[in-house]
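Structure record follows, encoded as structure tokens.
Both backbone and side-chain heavy atoms feed into the values below; hydrogens, waters and symmetry mates do not.
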Number of protein chains: 2
Amino acid sequence: MNPTLDIIFAALADPTRRAILSMLLEDDMAVTDVAEPFATSLAAISKHLGVLATAGLITQEKRGRVKWCKLEPDALRDASIWMQTFGQFEAIHLDAFERFLQAELGSSQQDTDP
Amino acid sequence: MNPTLDIIFAALADPTRRAILSMLLEDDMAVTDVAEPFATSLAAISKHLGVLATAGLITQEKRGRVKWCKLEPDALRDASIWMQTFGQFEAIHLDAFERFLQAELGSSQQDTDP
DNA sequence: TGTATATTCAACCGAATGGTTGACCATCGG
DNA sequence: CCGATGGTCAACCATTCGGTTGAATATACA
């Protein structure tokens, strides 16, 4: 399924979660290792990872008793394209932009603004 | 680390606020006109506009009794740059989007009043 | 002047968020 | 088998969020 822009942006709004994404940029990591540099509890980091996974920004795969976390940058594509509308161009008609999203991102349902 | 990223992403996480930004892409608008297409109260929209202004995504200028809202796309630059570190998909999609725009602007003008 | 319009403020409400703690599975290495 | 390790779950707490309503303020206009 395709997470909505709501969920992606909300996931990115937390500095701990952005820090986690930065860490995962280096390499895949186990949950405990992700939590290690933070002052918060392991359970809190586990929740953060759940939020990131729900947003599609990471995937988690359990091997043995270790759950590996992997960055999934493709989930940022929707949000990034949405932002580019406002950063680079003057006046984009919304319906035209939505048609672009449909064409560019395929038939997956988007969080299209009314 | 960067407090404005928190605020910008949190501001973008709400669909009503993103819809407002889309509306402001067309033209500057008064608060009442921004609120008109929404089912929510004027006070709620006023709050949303406050959030967007705090995030730097819009500016508000009062002329007479009307407060005009203006899109400030520069505020998205930090967030956009941050997101660019997570993938190389930007250039591809921007390129596709620019080609799309050329096609769009070449055609007759659209009126996209929602 | 008086009244309508534009916008915010203040108080409140319910739901969500980020955090904690302790109990609870699951799995690894003796 | 055991105990240690990896990770989640459940309950709770404080704060924030998006929304409402009604009052308040400021400006325009007849």
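Minimum heavy-atom separation, B:A35 to B:L42: CB-CD1, 3.6 Å. Shown here for A:R18 and B:D6, the closest heavy-atom pair between the two residues is NH2-OD1, 2.5 Å. Minimum heavy-atom separation, A:M23 to A:P37: CE-CG, 3.7 Å.
Cluster partners of B:V51, using a side-chain heavy-atom cutoff of under 4.5 Å among ILVMFWY residues and allowing indirect links: none. Members clustered with B:W68: B:V66, by chain and number, using a 4.5 Å side-chain heavy-atom cutoff among hydrophobic residues.
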Inset, instruction - List the protein contact pattern of nucleotides 15-27 of chain C with one symbol per nucleotide (5' to 3'): B for base contact, S for sugar-phosphate-only contact, - for none; contact means a heavy-atom distance under 4.0 Å. - result: ---SBBB-----B
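Every residue two or more places apart in sequence or in another chain that forms a salt bridge (Lys or Arg N to Asp or Glu O under 4.0 Å) with A:E61 is listed here: A:R63. Taking the side-chain contact (heavy atoms from CB on, under 4.5 Å) definition, one finds that A:A19 meets it with A:F38, sequence neighbours left out.
A 4.0 Å heavy-atom criterion places the boundary nucleotides of DNA chain D facing chain B at D:dG18 to D:dA28, written 5' to 3'.
Rounded to a whole Å, the CD1 atom of B:I45 is 15 Å from the C1' atom of C:dA6.
Annotation: side chain of A:L71 is not in contact with side chain of A:L57 (no heavy-atom distance under 4.5 Å).
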